Amino acid sequence: MNALSSPEALRLKLGEWFQKHGRQLPWRDAVSPYAVLVSEFMLQQTQVVSVIPYFKRWMTRFPTVQTLAEAPEEAVLQLWQGLGYYSRARNLHKAAKAVVDRFGGELPDDPAQLATLPGVGPYSAGAVAAFAFDKPAAAVDANIARVLARFFNIHTPIDSPGGNREIWERAAGLLPSGSGGRLHTSALMELGALVCTPKKPGCLVCPLHPDCLATDPELLPRKGARKATVRLQENAAWCVSEGRLLLEQQTGRRSGGLWKLPLLESEPEGEPPLFETVYPFTHHRITLRVYPSQAPAAPKDFQRWFALESVLSEAALPAGHRRALLALISKHTPAAS
DNA sequence: AATTCGGGGTC
DNA sequence: GACCCAGAATT
């Protein structure tokens with residue numbers, strides 16, 4: 001029976017592997033703690049390739065925590081549009097204001113302090129401490145959870161409280177002392193992204209393979225049952241008058257600030273929709289149908305007219321509604337130029 | 001402890 | 001279709 005390598009030996013293997021195989025990512029080298037914070041917000045539940053263009057645009061438009069703190073929320077949401085989970089954008093905006101107000105414009109390096117910022121939970125607090133300040137802070141994302149569930153052969157569902165606690169304890173047990181959190185956490189995460197993948201993991205090229213306890217890695221990590229997909233239908237109005245389009249703004253914490261085509265109470269009969277698309281969110285699947293509509297005598301408080309030629313660059317819309325605008329504006333003004 | 005978030009890519 | 005993703009907030 002071969003003895004397990006020490007945490008030191010494991011970190012060394014991981015670090016060497018990362019130096020050789022790790023990707024260059026826009027937020028990975030020589031960037032400010034603020035840039036790390038931005039990247040962590042964008043990467044919550046979102047894949048690296050989707051984030052890269054948004055991150056670059058964001059850092060150009062809001063290069064410092066001060067510029068973000070001073071920006072109007074509409075500009076923040078507009079820049080986030082298409083990335084989904086818009087409460088992240090609102091929380092990032094609030095977090096920037098909190099950094100300016102409570103921390104003198106400098107991000108703290110302590111995970112407990114970081115976790116007091118809106119939108120910063122256990123993962124993001126540890127990630128900023130490790131990536132921005134090289135602290136030995138645990139930060140378990142989906143990649144690291146998968147790597148550790150396999151490495152330690154943990155069969156408890158990772159999305160259960162007990163399984164989550166077990167994974168975090170294992171992650172903490174592997175940390176270096178003093179400093180070195182940046183390389184260690186980056187390497188573990190990158191291993192999950194490139195080698196220890198959900199399907200067909202590359203065990204034969206994995207630097208941790210000699211010590212890995214997984215007997216059937218493809219069956220790990222285990223997760224709880226998903227909710228069944230719910231189908232919904234949304235009927236919306238295409239209401240254009242004098243070159244302007246009527247939209248209405250959503251309220252509440254869920255999709256507050258986002259603009260939609262005005263929603264109809266019921267599905268019109270006797271005429272086909274101008275446009276139809278399907279867009280998903282969480283466990284829902286929504287069919288959006290857009291019907292022609294007459295202009296109202298007076299828009300409601302939460303409705304506003306947008307110029308057709310600029311609405312796509314001014315208003316933040318859910319993806320399905322944005323697709324409808326793209327299709328119908330070009331149809332509406334085919335030779336406008 | 002369970003639910004919600006209004007994207008998007010992949011197979 | 002189902003599954004996955006650099007999760008957090010809310011109830």
Side-chain angles (χ1 to χ4, degrees), chain A residues 23 25-28 36-55 77 80-92 94-95 114-128 130-132 138-147 157-165 168 171 185-194 197-200 218 221 223-232 234 236 250 252-261 263 277-288 316-323:
Chain A
R23 293 167 293 182
L25 297 175
W27 48 86
R28 194 160 262 174
V36 173
L37 184 75
V38 171
S39 74
E40 291 307 333
F41 267 85
M42 290 186 170
L43 287 160
Q44 288 167 10
Q45 289 298 105
T46 308
Q47 296 183 345
V48 167
V49 289
S50 305
V51 167
I52 289 174
Y54 283 89
F55 177 80
L77 280 172
W80 198 274
Q81 111 132 6
L83 201 52
Y85 294 100
Y86 295 88
S87 64
R88 294 182 298 172
R90 291 190 295 275
N91 279 335
L92 177 55
K94 289 182 198 162
L114 286 163
T116 66
L117 297 171
V120 177
Y123 163 76
S124 299
V128 172
F131 296 146
V140 178
D141 73 320
N143 288 308
I144 293 184
R146 184 172 58 253
V147 171
I158 59 164
D159 50 4
S160 70
N164 183 260
R165 184 166 56 247
W168 276 82
T185 302
S186 301
L188 208 49
M189 203 172 279
E190 195 78 335
L191 189 71
L194 300 183
T197 46
K199 292 169 186 172
K200 298 184 179 179
E218 287 215 53
K223 294 182 180 177
R226 284 172 182 273
K227 293 199 66 173
T229 300
V230 177
R231 288 170 180 74
L232 298 174
E234 208 169 53
Q250 307 302 296
R253 64 177 178 80
R254 283 210 288 272
S255 49
L258 286 182
W259 293 88
K260 279 184 175 180
L261 291 162
L263 298 181
T277 189
V278 174
Y279 67 101
F281 77 97
T282 57
H283 63 282
H284 297 80
R285 180 180 167 81
I286 298 181
T287 302
L288 168 65
L317 305 142
H321 287 254
R322 187 172 183 78
R323 280 198 295 275

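Sequence lines set the chain letters: A, B, ... in the order given, protein chains first and strands last, and positions in each chain run from 1. In this text, all values refer to a predicted model and were calculated from it rather than measured experimentally.
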Ion pair R23(A)/E190(A), N-O distance below 4.0 Å
yes
Judged by nearest nucleotide, the residue sitting upstream toward the 5' end of DNA chain B, P318(A) or P161(A), is P161(A)
Side chains of [X] and [Y], heavy atoms from C-beta outward: is any pair under 4.5 Å?
| X | Y | answer |
| --- | --- | --- |
| L191(A) | I144(A) | no |
| Q250(A) | W259(A) | no |
| Y279(A) | R285(A) | no |
| K260(A) | R322(A) | no |
| L117(A) | K94(A) | no |

Given [N], is OP1 or OP2 found less than 4.0 Å from the side-chain N or O atoms of [X]?
| X | N | result |
| --- | --- | --- |
| T229(A) | dG1(C) | no |
| T46(A) | dG7(C) | no |
| Y86(A) | dG7(B) | yes |
| R23(A) | dA6(C) | no |
| R285(A) | dG1(C) | yes |

Rounded to whole Å, how long is the line connecting atom [atom1] of [X] with atom [atom2] of [N]?
| X | N | atom1 | atom2 | value |
| --- | --- | --- | --- | --- |
| Q44(A) | dA6(C) | CD | P | 12 Å |
| D159(A) | dA1(B) | CG | C1' | 12 Å |
| H283(A) | dA2(C) | NE2 | P | 12 Å |
| Q45(A) | dC3(C) | CD | C1' | 12 Å |
| F131(A) | dG7(C) | CZ | P | 11 Å |
| E40(A) | dG7(C) | CD | P | 9 Å |
| L232(A) | dT4(B) | CG | P | 12 Å |
| I52(A) | dA6(C) | CD1 | C1' | 12 Å |

Give one of base, sugar-phosphate or nothing for [X], where a contact means two heavy atoms less than 4.0 Å apart.
| X | answer |
| --- | --- |
| W27(A) | base |
| L25(A) | base |
| S124(A) | sugar-phosphate |
| A127(A) | nothing |

Taking for S39(A) and for N91(A) the nucleotide of DNA chain C with the nearest heavy atom, the one nearer the 5' end belongs to S39(A)
In this structure, OG of S160(A) is separated from NZ of K223(A) (nearest 0.5 Å) by 12.5 Å
Picking from dA8(C), dC4(C), dA6(C), the nucleotide nearest the side-chain atoms of K223(A) would be dC4(C)
With 3.5 Å as the limit, what N/O pairs link the protein to nucleotides 8-11 of chain B?
residue, atom, partner, partner atom, Å
dG8(B), OP1, G82(A), O, 2.7

- prompt: Looking only at atom P, what distance separates dC11(B) and dA6(C), rounded to whole Å?
  reply: 15 Å
*Mind checking whether W80(A) and Y54(A) have ring centres under 6.0 Å apart?*
no
